[in-house]
Each structure stands twice: as structure tokens, then as C-alpha cells.
Amino acid sequence: MAARQARREDPGPEGGPTERASLDAVAMGRLTEAVLPSLVARFEASGLGELEVRRGEWRIRLRKPLTPDPAPGAHQARGAGGGATASSRGGAAASAGTGGRAGVMAAVGPGRSASSSAPAATSGRRVALSPAVGYFAPLEAATAGRAVRAGDVLGHVDVLGVRQEVVAPADGFVARILAEPGQAVEYGQELVRLEATSRATEAAAAEPLGAGDATVSEG
Amino acid sequence: MFERILIANRGEIALRVLRTCRGMGISAVVAYSEADRESRAVQLADEAICVGPAEAKRSYLSAPAILSAAVVTDCDAIHPGYGFLSEDDTFAEMTRAHGLTFIGPPPEVLERFASKAGTRDLLARYGLPTIPGSDGMLRDDDHALVEAERIGYPVLIKPSAGGGGKGMRMVRSPRELQQALTVCRSEARAAFGDDSLYLERWLEDNRHVEVQVVVDRYGNGVHMGERDCSVQRRHQKVVEEAPTPALPVQGRERLCESALEAVVAAGYENVGTLEFLVDRDGNAYFIEINCRIQVEHPVTEMLSGIDLVREQIRLAAGEPLGYSQADVTLRGHALEFRINAEDVAHDFRPQAGVVERYLPPGGPGIRMDSHLFAGYEVPSYYDSLLGKLVVWGPDRPSAIARARVAFDELVLEGLITNVDFHRAILANESFIGGVFTTNLLDRVGSAAFVAAARA
């Protein structure tokens with residue numbers, strides 16, 4: 001039962017010939033050049049917290065930070081180059097944040113809703129949970145005392161070679177990484193504990209952790 | 001032999017597979033969804049791993065989640081149970097690509113038997129009689145009308161994928177056919193992600209009889225007799241039994257032998273079931289094959305004394321069958337009653353809730369396969385099967401008598417179940433007389449059926 005459905009969504013064994021890769025690159029280019037600018041404009045004008053658009057094998061997701069941002073135009077656009085997360089359908093990384101998005105609409109369009117794509121966080125606790133079963137790889141920069149904002153990527157879980165993002169559920173500071181790099185983790189497992197205020201006195205705490213900070217070395 | 005098996009299922013079948021793994025000295029890892037954290041299988045497992053949220057599509061039906069769970073827990077095989085990924089050839093192929101074994105037929109065998117229409121043609125070539133049906137899948141409404149005219153009304157609309165009665169309708173006229181096609185397509189698309197349909201001639205007053213086969217990869221096979229699953233409502237089985245009261249001994253043997261011969265010749269492997277419809281005159285027509293362990297497998301285990309899950313595991317590991325047809329002895333009569341959390345009075349609406357009290361029946365010939373315990377919360381996300389009461393007796397009347405005693409003994413409180421419905425069946429003259437047909441319940445109406453038994 002449901003065999004056919006699973007077949008289309010799986011990062012099945014059929015991926016990867018070179019023609020396909022170049023077709024993908026073309027599709028990607030079209031998305032970022034033609035679609036993205038108008039998408040960002042409409043997203044800004046809307047009151048939405050998150051927007052997802054699918055074209056064939058590709059999808060683009062835009063997300064605003066959780067906290068009300070005073071500066072217009074500072075809407076967080078993350079991911080490679082173009083400023084949005086674009087991933088292949090098979091790769092379907094669960095890049096959405098967890099709950100706490102009260103009052104703001106989540107996903108729009110045919111994609112699954114953002115709030116349902118991440119494990120349910122225990123109420124009030126600031127813990128980033130594992131989005132899937134696999135091997136954990138924390139981001140090097142996500143060290144104790146580091147300031148993070150809701151939606152920041154703190155690491156990945158490797159699911160059969162496909163990376164799924166571990167996302168900060170709220171603003172705060174990294175208190176503790178709860179699993180070792182390379183450790184097998186299950187869905188919903190607590191991976192990174194955050195705290196509301198920093199106990200660490202390092203100056204590092206002042207600088208928020210963004211997607212571009214992946215190269216910051218450990219102190 | 002395998003050292004560690006991932007059980008990728010839930011409910012009673014997860015527990016059933018776990019028990020056999022234990023008996024074989026194989027350690028068992030149970031993959032579960034967030035909704036099944038407190039389940040019996042999780043409690044008893046050597047290790048349990050959460051694979052996703054309650055929604056089956058993202059847990060039990062997610063091939064990457066299940067496979068990743070097997071990889072990170074160092075399993076060397078995956079038992080899919082029934083439903084979910086149990087007949088998914090792509091999943092079986094992915095499993096193999098990651099160096100693990102899928103416990104069931106190998107991927108190419110699953111693929112060969114994946115399409116119902118294709119399988120019907122394949123096994124017809126190896127001598128099995130089939131019901132006249134449409135030539136392949138229906139292309140559109142016009143094609144359906146032409147084919148239905150050729151086959152002759154009434155016809156049954158069936159989806160190519162899946163089971164459980166979804167997307168199936170019997171229609172008596174071109175007008176009914178046109179209306180039903182749209183409904184069946186959308187049901188099939190929603191349930192299986194595939195809306196291809198085909199037609200079969202409808203047999204009035206038919207019986208559902210299926211043959212259990214066990215075949216190794218070296219071409220050795222045995223059948224373990226048949227099961228009668230004629231007590232159905234809307235194409236869903238309610239009570240199963242063996243042997244079938246529908247056929248005399250010679251007819252049963254002939255059916256089982258021809259079924260075995262055909263599947264072995266067609267290259268089937270592992271444990272499987274061939275389903276037939278038997279008409280009023282005792283003619284059997286092949287309808288479909290199930291490439292998995294079935295819900296009703298305990299009926300056959302009661303007669304044969306053979307653990308079918310163990311056979312699945314052994315054969316998937318490449319062991320030869322090791323015995324012949326002469327070694328398979330079927331004794332007595334067995335019945336299985338599917339106990340569901342459903343409200344018979346309200347269109348069998350599935351029920352969720354907490355089991356307040358649960359005391360299973362016991363005694364000679366009684367087997368209760370269930371994951372229930374007092375305090376267990378039945379989640380609303382999955383099918384409503386609470387357990388299976390399986391009863392054995394030296395003959396049919398004594399098995400029926402034991403079943404009545406067992407139902408009197410069973411305590412199951414806290415949610416609405418179909419237990420009274422089973423009592424009504426046990427009091428029904430057609431059932432007692434062994435002449436129940438697949439459309440009897442739907443014709444009488446289930447509510448009227450239960451009321452008649454009370455009067």
C-alpha cells in the first residue's frame with residue numbers, strides 16, 4: 001500500500017546522472033534569477049511568516065525570524081547564495097522552525113506546513129530537537145555561550161547521506177550540545193540546549209550566529 | 001542468520017514479529033512513531049528508536065526514516081509486518097542497496113507481482129483461472145464503459161494498488177459506473193497515490209478463499225492449505241477460518257496445489273497468499289496475491305503448527321525450505337476474529353481512547369494476539385485493529401463453541417469495540433451453517449445484523 005507515493009518522495013536510488021544535474025542547475029538558475037526577486041518583494045509586503053513555492057523538482061522557502069524585527073528589509077533569507085533555501089524534492093530538508101510562531105501564518109502553498117515538519121518541542125523549553133533519525137553533526141560555530149536566533153541552523157542530522165537541519169526553536173544562547181558529533185540520534189531527540197541569558201562571559205556571545213558563520217572556529 | 005532485525009511496524013504485528021525474533025535468538029529493534037512511544041512492542045524491544053511523528057507518511061511509511069533507523073542501530077534486516085512498506089518494491093530495493101535484507105520477497109519479485117492486473121495475466125499463463133476483467137487499466141470513462149459492456153454487469157471497480165476495500169465499488173449499470181469511477185479514482189489516489197483502476201466481473205454470492213504458500217529461493221515450495229475470509233463488510237475481512245466450508249476436501253486440495261504450482265513457476269519467493277473468489281458452483285477464480293505476512297496468518301499457524309514469521313525470516317536469510325508437502329499436516333479447525341476499536345452502530349467509525357480494563361481469554365485452543373494492556377491509549381492515527389482472537393478446535397462446531405466461551409471471558413473496557421458484532425456472527429445461521437458469502441453483511445446491513453442476533 002501507498003507504495004507509489006513513497007516512491008516519488010524518496011531520495012531513491014535513481015538519482016544522480018549528469019544530465020539530470022545540469023538540468024537541475026538550469027532550473028535552479030531560473031528560480032533564483034526570475035522567481036526569487038519578485039517572491040521576496042511579495043513576501044515582504046505580506047504579513048506571512050513563511051512562504052514556500054514549488055516548481056517541479058525544486059522548491060524555495062522564505063522565512064522571517066521569529067522575533068519582531070524592527071528593521072524593514074531585515075527579513076532573514078538563509079541558505080545558499082540567493083538567500084533562500086532551495087533544495088531538491090528528494091533532499092527535502094526539514095528547515096522549518098518549531099512552534100512558538102503564534103499568530104503568524106506558517107507555510108503557504110502545496111508544501112507541508114512548517115509547524116508540523118519538526119518534532120513538537122516540550123512547552124517552554126529551549127531545546128533544539130532532532131528532525132530525523134540519523135547521525136548528528138553539530139555546527140562548529142555552535143559552541144556554548146554563542147548567541148543564536150530562532151531559526152538559526154545549529155547542525156545537521158545525516159539521513160542516508162541527506163542532511164536535515166537542526167534548528168534553534170527560540171532566541172537565546174547555546175548552553176550545551178547534548179549529543180556527540182557522529183552519534184546516532186532518533187527523531188525528536190534533544191540535541192542542543194539553549195538558555196535565555198548567557199552564562200558565558202566571552203565576547204563571542206555578542207555576535208549572533210548566522211548561516212554564514214559556519215567557518216567561525218571554536219574558541 | 002540475521003543478528004539484529006528492525007521491526008518497521010506497530011500494534012499487534014510488531015509484537016508478533018518481536019516474539020518470533022526472541023524465540024530465534026535474534027535481537028529486535030522496534031521502530032516507532034511519536035504516537036506509539038508507550039506501546040507494548042516498544043516496552044519489550046531490545047532497543048526502540050523513534051523514527052518520526054504520528055503521521056504514518058513521515059514515520060512508518062517513510063522509507064528514508066525506516067532505513068536510516070535500521071542503519072544507525074546496526075540491524076542487518078528489516079521486517080515490514082503488513083501494510084505500510086511491506087509490499088513496496090522500491091523500499092525493498094533501497095534496503096538491499098544499503099546492504100540490508102528486506103524480510104519478504106526480494107525486490108524484483110515484489111516488482112513482478114506489484115500490479116494486480118499484471119499478476120492476474122502472469123498467473124493465468126501458469127494455469128490459474130481468473131475472473132473475466134478489463135483489458136489492462138482503464139484509460140478513461142469511455143474505455144470503462146466499453147469494457148464493462150463486454151464483461152457484463154454487474155462489474156467491480158478495483159484499484160491497481162493497495163487493498164482494504166478502498167477505491168472498490170460494485171456497479172450494476174453504465175450510469176452507476178460513471179458516477180463511481182470518479183469516487184474510486186479519488187479514493188485510490190488518496191489511499192495509494194495511484195488512481196489507476198480496472199474492472200472485474202462481479203460474482204453474486206461469492207466466497208473469498210485464499211491459499212497460503214511458502215517458497216524458498218531454490219524453487220522448493222509448499223502450501224499450508226487455504227483460509228476462508230468470506231465474512232467481510234465492504235471488502236474488509238472480519239472473521240477468517242480454515243479449512244473453508246465452501247469446498248469439499250478434493251476441491252481444496254486441487255485449489256491449493258494449482259496455486260502453489262503456478263506461483264513457483266512464476267518465480268515467487270518467501271511467504272505469500274493467493275486470493276480467490278469461489279462462486280456458487282465451487283469454481284475458484286484467482287484475484288490477487290499478497291506478498292507479505294497477512295493479518296489472518298495465525299489461522300494457518302493453528303492448523304499447521306508452523307510459525308510463518310519464522311519461515312519468512314529463514315527464507316529471506318537464504319535458508320532452504322527444508323521440508324516437503326508431505327511434512328505439512330493440517331489438523332482441526334481454526335477461526336480468527338478481528339477485534340477493532342470501531343462503532344458498528346455508526347458506520348464502523350474508528351474509535352480512539354484509553355483501555356480501562358483488559359483481560360484476554362484463555363484455555364485450550366485459545367490464542368489472543370494483541371498489544372493491549374490496561375491503561376494503553378489507542379491512538380487515532382492508524383487502523384483500528386486491537387487484536388485477534390484465534391480459536392482452534394478439533395472440528396468446526398467445537399471451534400465455534402470455544403469462540404463463544406472466549407468472548408464471554410474477554411474483558412475489554414474503555415472504548416467502543418466490535419465484540420458484540422462478533423457475538424452476532426457466532427449466533428448467525430448462515431455463519432453456523434458455513435454458507436456465509438462476502439456480500440451478506442453489506443446486504444443485510446450491519447446494524448440490522450446485530451439487532452437480529454439480540455432479538
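Each chain gets a letter, A, B and so on, in the order the sequences are listed, and its residues count up from 1.
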Worksheet item: Do other residues, nucleotides or ligands put more than 12 heavy atoms under 6.0 Å from B/E108 CD?
Response: yes
Worksheet item: Should we count CD of B/Q43 as having more than 12 external heavy atoms under 6.0 Å?
Response: yes
Discussion item. Looking at every non-hydrogen atom in both residues, tell me the closest pair between A/L160 and B/H98 and how far apart they are.
Written reply: CD2-NE2, 3.7 Å
Item to complete: Give, as side chain, backbone, both or neither, the part of B/A188 having an atom under 4.5 angstrom from any heavy atom of chain A.
Response: neither
Worksheet item: Does OH in B/Y381 sit with more than 12 non-hydrogen atoms of other residues, nucleotides or ligands closer than 6.0 Å?
Response: no
Worksheet, complete the sentence: When the 4.5 angstrom heavy-atom criterion is applied to B/A69 and chain A, the contacting part is both
Fill in: Results of side chain to side chain contact (heavy atoms under 4.5 Å, CB included) for B/E210 - residues two or more places apart only
B/H208, B/R227, B/C229, B/K237, B/T273, B/E275, B/Q294, B/E296
Discussion item. Can you confirm whether more than 12 heavy atoms, excluding those of B/E47, are under 6.0 Å from its CD atom?
Written reply: yes
Worksheet item: Looking at A/V133 and B/V51, what are the two nearest heavy atoms and their distance?
Response: CG2-CA, 3.3 Å
Item to complete: Apply the side chain to side chain contact (heavy atoms under 4.5 Å, CB included) test between B/S68 and each candidate in A/V159, A/V157, A/D158; give the one that qualifies.
Response: A/V159
